[in-house]
Structures are given as structure tokens and as C-alpha cells.
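What follows is one structure encoded as C-alpha cells, with my remarks underneath.
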Amino acid sequence: MSRVLSNECDAPLPMSNSAAAGRRRVERRISTFTETRRLCAARGIGERRLSGDRRRNRFHEWRRIRIGDLPVVVANRIETARVMVDESLKRRGLWRYPTYLTSTNGEVTYRCAVSEGERSLFLQADAIHADGMPHVFVSRLRCGTALPERVATSDLFYDVACEAEAKGATMFMLGATELSNATAARLVENRFPRLKLVGHRSGFFKNDAEEIRVCGQIAELAPDILWVSMGVPREQRFIVRHRHRLTSVGVIKTSGGLFDFLAGFKPRAPAWMQDAGLEWVWRACLEPKRLGWRYLKTNPLALYLLLAKSG
């Protein structure tokens, strides 16, 4: 089990200056998540409310350009996968806020424009990737620096899984229905037999208490990377609401409908439609009642925002 940094529960012992200097060279006040929680309960300490992680991480070093009035990072899939795994392993055993990564597309551009609350959820992320070809096209047209490619989560997952399998990073899959989640997890384990998938669970909860309890269970498993597949804006709200409960997790990535694609329940659009920025047409044809009206409502404003508020 991974070890995490405890700030309140492990009382430091008096020591000499030389011993203190030696201690500073290693991780200080280290305990497992379970032991720290036990000590908190024994000492009557309630839920730990930590401030955000003020340390810079490698995601903060990426260049950002404004697309649709959101700060989008300039990074490709391979680089993103490598940094996700490396950063998650660097945080293993430290009690820190997990890095929070999310993505933007046409629907997100629309939602953030009409809802300041949802915009705030996205701006709290450590990095926002472009999961839409229109964003790539607009960056080439309006921005001094163009995005190298679309970073679609349904493709990024496989890149991260390959990297995690090679470097020993662990993952947890949270979200979707029980059937979709279990099927996706089984297929991932079959495709990546050496990948350490420490757990998976559907993304529906009976009440707030169960939601908090599941966060505790995930924290005990301490996955290096947590995939949250609940759809916008529920997955962003989940991360912002529970980030302080998941400090034994390294990196959290929002995933939209990823698990349905991994499970094979929803087919991806043909490659030519993806490259042309027409994947939304494919999805609207597959689910006209659910997505047809949504796209008719959001796409015109999203297109305007991409053209008017990028650069």
C-alpha cells in the first residue's frame, strides 16, 4: 500500500540538529492512509481540510493559449501520457492534492460561456486539453501558437495505459454504469495484462454519504491515476468537491463517456470524420434524441466563441 504525508497526526519527536538535517533529506512524517485516518479518529480530529497544492507541477509548465475563452495547454497525446505517469509516480507516497486534468470541446465551450459556476470548475484544473478538432483548427487560424493535435481522452487512455504498464503506475476507473464499468475494466485488463488496475466502480451513488465512503475506499487503494467518467459537469464537480479526500491519488483525469467507448457500447466515429472535426455528427446520428437538440443549441454559440474569443 502506498504511503502518504501526514501533517497533523504524526507528532515529530525531538532530535539533534544532525538528525534533523538527515530527516529533511527524506520524506518526513510518513504514514499510510489507513494509519493516518486511525490516528485522526483516535485524537478526535475531524475531516482534514487542506489548502490547494501550491507546489508547481510539470503541467503548469506547459504553454497555454486562449481558445473559446479557456486556457488550453499546448501538448500532444504522447507527451501528455508521459507527464501524467511521471507526475503521478513522483507524487506517490506524498499527502498532496492530486493533479486535476480535464478537457474542453464545443459543449464545454458553450457551458463555460453561459454558466460562471461551470467555468469556475474548469479554471480550477491544472491543465485543460483540447478534445475537439475545431479547437485545433481555430488555434491554427487565430493563435500565434497552434495546438499540435487533438488530445481525445478515448485515445489518450491507451497511451497512458501503455506508459503506466511500462513504468508500474497504478490506475482506478470510476464512472459509468456497473455494466459499462465492469466490461471496460475487463477489456483493459485483457489488453494490458501487466497494467496494475487496482480497482474500478460505477459512477452512481445512493447519497452523499456513500459518495464520501467511496472516496475513502479509493484513497486507501492510493491509485497513481484516477479516471473519472461521469460526464460534464458532474465529473468536474466530483473532483472539486472531493479533491481533499483523495490526497493519496497522484493524478485525476476527467473522462466523459470514455468507459462506454472502452466497453464497445458506443462505437467511435470513422477516422476521417474525427480528423475533419465531424465526430459530433456521428454521435448525433447514434443518439439523435439525446444529442441532436443539444448540438443544435450549443454548436452555433460554441463556434462563435471559438472564433471571437481565441488568440
Side-chain angles (χ1 to χ4, degrees), residues 67-68 72-81 84 101-111 128-143 146-163 173 175-177 179-192 195 227-232 235 253-307 310:
I67 301 183
V72 178
V73 295
V74 181
N76 60 32
R77 277 172 36 201
I78 298 301
E79 179 187 8
T80 299
M84 280 181 65
L101 308 180
T102 191
S103 304
T104 180
N105 55 22
E107 181 187 354
V108 169
T109 301
Y110 169 87
R111 284 179 170 273
I128 303 174
H129 286 86
D131 189 351
M133 278 305 297
H135 291 65
V136 178
F137 296 149
V138 168
S139 73
R140 296 170 182 170
L141 179 67
R142 300 299 304 273
C143 303
L147 296 173
E149 64 178 337
R150 172 194 180 197
V151 182
T153 307
S154 44
D155 295 319
L156 177 65
F157 179 89
Y158 293 109
D159 299 327
V160 174
C162 285
E163 192 80 6
M173 298 168 59
T177 63
L179 177 60
S180 179
N181 183 281
T183 303
R186 176 173 53 80
L187 293 176
V188 167
E189 288 176 324
N190 290 341
R191 180 164 179 172
F192 302 97
L195 177 66
W227 301 88
V228 179
S229 180
M230 298 179 180
V232 177
E235 58 195 15
K253 176 69 176 75
T254 63
S255 310
L258 169 66
F259 297 168
D260 289 334
F261 291 117
L262 295 179
F265 294 162
K266 292 182 181 179
R268 293 288 305 279
W272 70 266
M273 294 189 77
Q274 296 182 43
D275 295 339
L278 297 175
E279 189 166 11
W280 65 273
V281 176
W282 172 268
R283 296 189 63 189
C285 291
L286 290 179
E287 301 180 79
K289 291 184 178 180
R290 187 175 76 89
L291 298 178
W293 170 246
R294 178 193 298 180
Y295 289 146
L296 286 175
K297 181 178 71 171
T298 63
N299 281 5
L301 178 58
L303 180 60
Y304 165 76
L305 292 167
L306 288 177
L307 293 173
S310 299

Subject >> Stepwise salt bridge (charged side-chain N to carboxylate O under 4.0 Å, His left out) check, Glu107 with Arg111 >> reply: CA-CA 6 Å; Glu107 181 187 354; Arg111 284 179 170 273; 3.0 Å; yes
Original post:
Please walk me through it: do Val188 and Leu262 pass side chain to side chain contact (heavy atoms under 4.5 Å, CB included)?
Top reply: CA-CA 8 Å; Val188 167; Leu262 295 179; 4.2 Å; yes
Subject >> Candidate pair Lys253 and Val160, rule side chain to side chain contact (heavy atoms under 4.5 Å, CB included), full reasoning >> reply: CA-CA 11 Å; Lys253 176 69 176 75; Val160 174; over 6 Å; no
Subject >> CA sep, side-chain torsions, deciding dist, call: Arg283, Leu286, side chain to side chain contact (heavy atoms under 4.5 Å, CB included) >> reply: CA-CA 5 Å; Arg283 296 189 63 189; Leu286 290 179; 5.5 Å; no
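In this structure, Gly68 and Ser310 approach most closely via the heavy-atom pair N-OG, 2.9 Å. When all heavy atoms of Ala284 and Leu291 are compared, the pair lying nearest together is CA-CB, 4.2 Å. Across every non-hydrogen atom of Ser180 and Ala263, the tightest pair is O-CB, 3.7 Å. Listed here is the closest heavy atom pair of Ala161 and Leu195: O-CD1, 4.0 Å. When all heavy atoms of Phe137 and Asp275 are compared, the closest pair comes out as CZ-O, 3.4 Å. Summarising the geometry of Lys266 relative to Phe261, their closest heavy-atom pair is O-CD2, 3.0 Å, with the distance given to 0.1 Å.
Atoms CG and OG1, from Leu303 and Thr109 in turn, are 10.5 Å apart once rounded to the nearest 0.5 Å. Rounding to the nearest 0.5 Å places CZ of Arg150 at 7.0 Å from CG of Asp155. Separating the CZ atom in Arg268 from the CD atom in Glu279 is a distance of 5.0 Å, to the nearest 0.5 Å. With rounding to the nearest 0.5 angstrom, the NE2 atom of His129 is 10.5 Å from the OG1 atom of Thr254. Arg142 contributes atom CZ, which lies 6.5 Å from atom CG of Leu307 (distance to the nearest 0.5 angstrom). Rounding to the nearest 0.5 angstrom, the gap separating the CZ atom in Arg77 from the OG1 atom in Thr153 is 10.5 Å.
Screening Leu147, Ile128, Val136 against Ile67 for a side chain to side chain contact (heavy atoms under 4.5 Å, CB included) leaves a single residue, Leu147.
Within the 3.5 Å criterion, the main-chain N or O of Met173 finds a donor-acceptor partner in the side chain of Asn181. Under a 3.5 Å cut-off, the side chain of Ser103 and the backbone N or O of Ala130 do not form any donor-acceptor pair.
Cation-pi check for Arg191 over Tyr158 is met; the charged atom lies under 6.0 angstrom from the ring centroid and within 45 degrees of its normal.
Looking at heavy atoms from C-beta onward, Val138 lies out of side-chain contact with His135 at the 4.5 angstrom threshold. Taking the side chain as every heavy atom from C-beta outward, Trp280 and Asn105 never approach each other to under 4.5 Å.
Atom CH2 of Trp282 sits in a crowded spot, with more than 12 heavy atoms from other residues, nucleotides or ligands closer than 6.0 Å.
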